[in-house]
Amino acid sequence: MALSRKAKEAIKTALAMTLSYGIALSLGWEKPYWAGFSVAFISLATSGQSLNKGAYRMLGTLMAGVVSLAIIALSPQNRWLFITLLSVWVGFCTYMTWGKRHPDFWAYSGYVCAVVSMAAGPDPVNAFHTAVLRSQETGLGILVYGLVAIFLWPMNSRPAFETAAAKLASIQHQLLHAGLEWMAGQGDPTTVQQLRAQEIQEQKQFDQLLTAAETDSYDIWELRHHWRSYQHQVTELSEAMVRWRGNLTGTQSLDLPGLMPNLSGFGAELDGRLTQIGRMLTNQEPGQQSSAIEPEIDNTQVLHLSHFHRAALTVIRDQLWRMESLTRSLFHSVCYIKGFSPVVPALDDRPSATEGFGLPDPDRAAGAVRAMLIMWIAYLGMIYVDRFPAGADAVAVAGTFGLVIAGIPQVSIWLLFLPAFVSVLVTGLIYLFVMPQLSSFLGLGVLLFCATFAIYYLLAAPKLNVAKLMAISMFITVISVSNHQTYHFLVVSTTALMLPVVFICMGVTAYFPVDLRPRQSFLRLLGCYFRSCEYLMDALPQDPLKRESHLARMRKAFHLRQVSSLPTKLGVWSRVLNMKALPGTSPQQITAMVTALQGLSYRIQQLVEDRANPQAPFLVQELRSDVVAWRMKMTEAFRCLTEKPSMENQHLFNTELTGIIQRLNLRIEEVVDKATGNITDQDGENFYRLLGAYRGVSDALAVYVASAGGIDWAPWHEERFY
Amino acid sequence: MYRGALDMNTIPHELAVGGVYLPPLLVAVTLGTIAAVLTALLFNRIRLSRYFFYPPLLFLALVMIYTVLLGTFVVRI
């Protein structure tokens, strides 16, 4: 009988768990469950993922050991300094955990530090021993699981990675196809939305598997720089296609096939390239080579267009050009990676403009403060409440849970509490009624194997991952295996009572100091989004050639990052909104609003980029007052939206905005007539790009205002308990 | 059911459930929280919660009020 993948993975984890306990007990180590925790947490789908996680866990544990000893040494006999230092470290690690650089390392550095410090703090004489014990048991768990994963049904990441790469390429191909159809006046926006959602998911999967495959596949490791370059190009292509699709709305009234004579050939070339990329990723030879192609514009036809239409056309042409360049680079990268071409492509791994390392993230900072606060509440409880359940252990658990929950504030704490509590009760029964009957490691080993197998088999679905980790953690905690095993009802009751106390600490911080209820969070983030838009609009440079101060650049980068990231966060919060409490709002309306915000984000980013290009002084001077009027109108609109998410008088707003755009159009007609000979071709291109960006922001804002206008906002502002 | 409930002195007493002694404050807090949750659900349903500045604070107050009332008159802490 062939075992399923789920059963094999559960057997591997159960075997590693049993062996870890067996080795730790036979060596006479105290707290062998620390090795069990290591096994439980590094057990992932492929050996590469597990080894990566194991490496980060080991490094994080070593770092945590050093930091814990330093904290204990710096705060002898001073409990307030001790908790201050510990909570600051946990807060810092929380902040770093939810960033992009080595999240696992920071997560383990934070939570192991909380565990070791709270275990060793009350017993500083043995602090060094505790830190070393934790490190060696973590190492044991990682080693045992690593060996089991390598020798028993090894699951290399490479096939999964190659499948993910091919699937991602196929989705991007379908998205390009859908966009080209849309350009030709056909296509369905719903299909595009669904494909885009799949693309985001596949990109995440691809990123995770690439890291794993680099670890367990020599072939991928050898070409890792090229795969990273490919990953960067795929991300850039994804963003370029989103911007391109977003701008198509401005050209719907144009006869694009007439204005761009080689549009069908251009589309076919890009389509062909993505087809060949898909073939090569499945190890088939490319049927054709790629050749450079330019999106041409028929200048005679363009003369009949208004300036805004010319601007929209310039923007579309630029975006098509960008996509052409990216697909060509992708084609050459895949050709080389798959061995179909000896030509080494240039590596492309520049960071994106919105990925500044030094820029603070207010949401992550709020999460870090929350994790610190959870620790403080538990610590104060331990000091001031007589017989506080689990004492120092509760503080360590509070720190750990705080670190986890800080980055996923939208997840209800009930989803964590219920599996943990049920697991404590079930494990309590095993601990009280089954374990006392065991007299040797044979019996204990069978019990450990069966329980671990059951948890990992029954809770194998990805959506049950949190429940699985909670269940195994509580199982390991409650059975508290040691060489001098004792059984006491208090172990179960204390753990069962500790959980509500820790979750109350977490629950309190969901309301104070920052209200993290979904509706309030959604409105708060919406306000932040428009505040950033207002700043960016207000801070557009009058003279692009004038150098901005370092602070001004930092602020601009910060608000740009906010504008680009907040729609995604709003999308996440929108999924947990209680729609029953919001009559007059449908999920479709919220999705449309978030999509409109995403479109607005891309337009604002485009405007900021285009505004940095030099402009002809003559045009700038002549159009200054009209551009300033537009900018002031937009700034005012964003300010209003910061306070209220919809326009009070949508019709008036649209009329005023249209009036400003029409006046600008007329002025451009006059100025361009006067300007003949005063501006170069490059100036003209830059001017049309900028004009297209202005128009794009206006249109995107109008789309948002229309989508938000259909929502009844009164219930959103009505106070409720939950 | 519980030991010392009828004693009108200050000797601590516990509730015995299946041979396990539970502190009466724990029982009072649990019942107080359940009562506060039910009240909050009711207030949400009849839209009374909109008259409060910050309902989570009210919830905390309700837990305390119910705990004290139940502890004094029902559980007898």
Side-chain angles (χ1 to χ4, degrees), chain A residues 377 381 385-389 412-414 417 421 425 428-429 432-433 488-501 503-521 523-524 578-584 712-722, chain B residues 1-4 9-71 75-77:
Chain A
I377 296 172
V385 177
D386 188 26
R387 295 177 192 175
F388 189 71
S412 164
I413 55 172
W414 277 105
F417 178 75
F421 198 72
L425 295 183
L429 294 175
L432 291 174
F433 298 109
H488 204 295
F489 178 72
L490 272 181
V491 173
V492 181
S493 61
T494 303
T495 313
L497 275 178
M498 177 195 73
L499 280 180
V501 168
F503 278 86
I504 285 170
C505 297
M506 288 160 65
V508 167
T509 56
Y511 296 97
F512 314 99
V514 180
D515 193 345
L516 293 171
R517 286 176 291 171
R519 190 160 42 97
Q520 281 73 8
S521 298
L523 290 173
R524 182 171 44 80
N578 177 10
M579 299 313 293
K580 283 183 190 161
L582 300 171
D712 178 9
W713 289 98
W716 286 71
H717 296 283
E718 194 176 297
E719 282 294 349
R720 286 173 63 86
F721 278 92
Y722 313 110
Chain B
M1 173 71 186
Y2 51 89
R3 186 160 63 85
N9 55 32
T10 55
I11 297 171
H13 61 274
E14 295 87 26
L15 296 173
V17 177
V20 178
Y21 292 110
L22 296 176
L25 185 61
L26 177 72
V27 179
V29 169
T30 309
L31 292 177
T33 307
I34 292 170
V37 168
L38 293 176
T39 310
L41 288 174
L42 181 72
F43 276 28
N44 269 353
R45 195 175 176 81
I46 58 177
R47 294 181 66 203
L48 259 182
S49 46
R50 64 193 158 135
Y51 295 113
F52 297 98
F53 168 68
Y54 193 52
L57 270 181
L58 176 69
F59 180 79
L60 204 63
L62 283 174
V63 171
M64 289 183 185
I65 291 166
Y66 279 127
T67 302
V68 170
L69 288 176
L70 292 167
V75 182
R76 296 186 187 278
I77 297 171

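Each chain gets a letter, A, B and so on, in the order its sequence line appears, and its residues count up from 1. Everything quoted here is computed from the prediction, not taken from an experiment.
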Flag, side chain of B:Asn44 to backbone of A:Arg720, donor-acceptor distance under 3.5 Å: no

Contact part of B:Phe52 toward chain A, heavy-atom cut-off under 4.5 Å: side chain, backbone, both or neither? backbone

Can you say whether B:Leu48 sits under 4.5 Å from chain A via the side chain, the backbone, both, or neither, judging by heavy atoms? neither

Cut-off 4.5 Å, heavy atoms of chain A, and the answer for B:Tyr51 is neither

Heavy atoms of other groups near A:His488 NE2, more than 12 under 6.0 Å: no

Taking the side chain as C-beta and beyond, is there a heavy-atom pair between A:Arg387 and B:Pro23 under 4.5 Å? no

If you look at every heavy atom in B:Ser49 and A:Glu719, which pair is closest and at what distance? OG-O, 3.3 Å

So what's closer than 4.5 Å to chain A heavy atoms on B:Val37: side chain, backbone, both or neither? both

Given A:Tyr511 and B:Phe59, is the side-chain contact (heavy atoms from CB on, under 4.5 Å) satisfied, shown in steps? CA-CA 11 Å; A:Tyr511 296 97; B:Phe59 180 79; over 6 Å; no

Verify side-chain contact (heavy atoms from CB on, under 4.5 Å) between B:Leu58 and A:Phe721, making sure each step is shown before the conclusion. CA-CA 9 Å; B:Leu58 176 69; A:Phe721 278 92; 3.3 Å; yes

